[in-house]
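Sequence lines set the chain letters: A, B, ... in the order given, protein chains first and strands last, and positions in each chain run from 1. Just so you know, these numbers come straight off a predicted model, no measurement behind them. In what follows, every heavy atom counts, from backbone to side chain, and hydrogens, waters and symmetry copies are set aside.
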Amino acid sequence: MNEVVEPVATGVITGGWPYIIGAYGLTWAGLLAFLTRAVLLGRARPPESP
Amino acid sequence: MTADTSEAPVAALPPPAAAVSCVGLARRFGRRWAFSRVDLEVPAGQRLLVMGANGSGKTTLLKVISTLLAPSLGQLRVCGIDPAEDPAAARRRLHLLSHSLGLYEDLSGEDNLRVFGRLLGKDDLDVDPVLRQVGLERRPDPIRAYSAGMRKRLQLAALLVKGPELTLLDEPFAALDPLGCAAVEGLIAALPGAVIVASHQVVRASRLCERAILMDQGAVRWMGPAEQAVEAWRALHGGDDLQGGG
Amino acid sequence: MGSEGAAADRLLSWDRVSLVIGLLLLIVGHYQGLFVAPAEAMMGDVGRILYVHVPTAWACMLVYTACFVFAGLALWSGKGKWDAAMEASAEVGVLYNALLLIQGSLWARPTWGVFWTWDPRLTTSAIVLVLFVGVLVLRRVITEPERRLNLGSIAAVLAYAGVPIVYFSVKWWRTLHQPFSSPATVSDSFITPLRLAAFGMIFLGIGLIGLRWRALRREVERELSAPALPAALPTLELGQRGPGGAA
Amino acid sequence: MARTPGGPADVLRQIPMILAKDLLIEWRARSRAFALACFALTLLLLFSFAVGADAATLRAHAGAYLWMSVLLSSTLLLAQSLQHEVEGGALDTLTLAPVSPAALFYGKALANAAQLVLLTAVALPPVIALFDAPVKEPLGLLVLVSVLGCAGVAAPGTLYAALTARLASKQLLLPLLLFPLIVPCLLASVKATSLLMSGDPMGQVGSWLGLLLAFDVLYWSLCGLLFGRVIAA
């Protein structure tokens with residue numbers, strides 16, 4: 001017995017745009033969120049700097 | 001302090017290398033200097049008292065001299081050896097009794113001494129005479145059950161097993177009752193080799209030593225004969241509430 | 001990057017340049033992948049996810065490798081700048097790794113019918129993600145800077161050293177059991193958007209690491225740097241004290 | 001003295017001393033070891049309750065339950081083993097003895113591996129009885145799997161226990177860092193054990209043993225090199 005669902009090849013897959021948009025959208029969201037955080041943290045001056 | 005002497009070395013060192021010699025020794029933790037600018041020379045066989053309030057850098061100084069902590073700045077030699085070059089050789093010549101037990105709670109005193117002896121290369125150590133010397137009888141139970149005084153005696157027994165040229169004692173009288181203090185005092189007095197004692201109990205500890213230094217905020221503020229130690233302490237901290245009198 | 005009145009050298013620093021190049025390449029690559037490249041023969045449009053997924057995987061591997069190198073340099077030299085670089089690249093590696101898992105799941109669902117499959121690459125990247133999250137957590141927990149440098153770098157080295165063995169173990173775990181279906185290999189006509197996006201992710205990664213490095217390095221080097229020695233205190237003179245007074 | 005301080009001869013001389021010391025401590029505090037064994041057995045029961053009373057499923061995963069219970073118990077054992085050294089400052093005494101960090105690591109890792117093997121041996125009969133999973137292949141092979149698997153947990157486990165021993169959240173950090181790292185070791189041990197229990201007509205155990213060996217070689221050498229930095233920090 002194996003608990004893993006075996007990947008099924010169903011011939012040509014049609015549609016699937018929600019997944020495509022999700023993949024691209026979440027990737028860009030993640031990258032931009034990290035970038036924003038990095039910029040914000042980079043701007044924050046340490047208290048002792050002149 | 002001899003910090004102002006010119007850079008030319010003194011004519012010749014005495015034949016036995018000094019037990020400890022530090023020049024410009026300093027240690028920091030992150031941004032904080034625990035102690036700095038410590039110049040110290042302890043000849044072989046001499047006993048030195050290190051006085052200082054809590055946080056004055058005594059414990060860190062002892063840890064650095066014992067090679068457990070590396071100095072951030074300055075030079076250190078233990079029995080003529082640079083611990084940075086040959087830590088094992090330096091460590092073989094010294095021992096540190098710190099606040100912590102340094103032994104295994106789950107083993108009996110005897111087991112602890114045997115394990116320690118074996119690590120020192122003394123495979124067939126007879127623990128009975130050592131235990132007798134520190135006034136501990138054989139006890140089969142783990143030292144988890146020992147009193148503070150018995151623990152201190154056991155630590156001293158481990159020290160006797162090692163028999164180092166340089167002994168570092170950090171607060172040897174802490175958590176002891178007057179009777180225990182007297183006993184430990186006697187054991188320390190009988191130690192061979194150089195001894196450095198860090199203690200708040202200035203009166204009691206100064207009787208054991210020949211020389212003393214007073215540390216304050218990580219600096220050595222005073223250095224002189226142990227007879228003047230109490231006077232120096234009072235000059236810095238005032239008051240007559242010195243512990244360990246009588 | 002609207003940086004108000006900042007010096008020119010800050011505007012043109014290597015991390016910003018790399019960041020802009022990376023973003024541009026990524027935009028072009030993703031545009032091509034989404035709208036220009038033809039649909040894939042077997043997977044149809046869903047194959048377009050590969051233009052974001054595969055570059056992320058390559059870049060992620062490179063970023064972790066950089067993290068390993070920085071950890072080694074930090075251990076070897078004890079310098080704060082390598083420690084900061086280690087943390088910066090571990091952060092970016094974890095980001096890419098998390099994105100990778102999300103993209104992988106979103107690709108697997110329409111293709112294989114499940115969000116998660118114990119594909120060796122997917123499984124390995126999940127394990128590596130946890131490993132490096134552990135490294136970052138460890139670094140957050142340790143407050144003493146020297147200790148953080150040593151222990152954090154050691155954890156990173158151990159984690160990275162295990163990656164190949166994790167991969168092989170998971171692969172055998174699957175293949176000794178049943179043959180596993182590998183995704184279709186990439187054919188030539190899809191290479192341009194893939195390559196553009198890959199370089200985009202790599203340059204973006206360099207830029208993000210640089211950006212984080214700048215901020216972390218300031219902090220880490222400040223913590224590790226030696227402050228000036230405290231001024232020498234005057235030597236105490238005895239014999240001049242009043243009753244109970246300090247000298 | 002002719003002895004070269006900290007040289008390989010010194011390290012080899014000290015490893016058995018550290019090993020003997022650790023085993024002596026565990027023997028003197030054997031009620032703790034007993035409690036640990038009980039914990040491992042409790043876990044075995046819990047797995048069966050969680051999975052359900054289906055005999056076939058339980059039998060198929062007997063190897064998994066065995067190793068999961070050893071693994072979950074191992075963090076307690078590893079944390080304890082470094083706790084002896086850190087809490088009373090015994091580590092300082094050892095350092096000043098002087099014991100080399102490599103000797104300390106290999107001695108402790110060997111002691112931990114030995115205890116884990118013992119734990120596996122204690123947990124094995126209940127696994128066989130509870131899940132009706134007799135060992136079909138030679139028992140010697142299972143011993144080998146157990147030794148290699150426990151060694152694989154012990155080496156990084158000892159290092160990570162030392163790494164987290166002085167941290168405030170050590171109970172959380174040790175498994176967080178250790179568990180993902182030893183996934184290959186767990187996988188190989190479980191697979192090999194299951195094959196030995198259900199029979200191995202294809203001769204696959206060898207490749208799992210090879211993987212375990214590679215894992216052990218990698219981490220026993222790497223952790224030995226890095227341990228000095230860990231305890232110095």
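The CG atom of B/D106 sits 11.5 Å away from atom CZ of D/R30, with the distance rounded to the nearest 0.5 Å. Atoms NE2 and CG, from D/H84 and B/L107 in turn, are 8.5 Å apart once rounded to the nearest 0.5 Å. Distance check, rounded to the nearest 0.5 Å: CD of B/E105 to CD1 of D/I25 gives 10.5 Å. Taken from CG in D/D92 to OG1 in B/T67, the straight-line distance is 9.5 Å, to the nearest 0.5 Å.
Only the side chain of D/L94 comes within contact range of chain B, judged by heavy atoms closer than 4.5 Å. Looking at D/A29, the atoms closer than 4.5 Å to chain B (heavy atoms on both sides) all sit in the side chain, from C-beta outward. Interface remark: B/D111 contributes side-chain atoms only to the contact with chain D (heavy atom separation under 4.5 Å).
Considering only heavy atoms from C-beta on, D/L96 comes within 4.5 Å of B/L96 through its side chain. In this structure, the side chains of D/T93 and B/H95 come closer than 4.5 Å at one or more pairs of heavy atoms.
The nearest pair of heavy atoms linking D/P98 to B/R92 is CD-NE, 4.0 Å. Taking all atoms of both residues into account, the shortest heavy-atom contact from B/D123 to D/M17 is OD1-CE, 4.5 Å. Of all the heavy atoms in B/S100 and D/G88, the pair that sits closest is CB-O, 3.5 Å. When all heavy atoms of B/R144 and D/R32 are compared, the closest pair comes out as NH2-NH1, 4.3 Å.
Without hydrogens or angle criteria, D/K21 side chain to B/L119 main chain gives no donor-acceptor distance under 3.5 Å.
Within a 6.0 Å radius of CZ in D/F34, no more than 12 heavy atoms belonging to other residues, nucleotides or ligands are found. Counting heavy-atom neighbours within 6.0 Å of B/Q75 CD, excluding the residue itself, gives a total of 12 or less.
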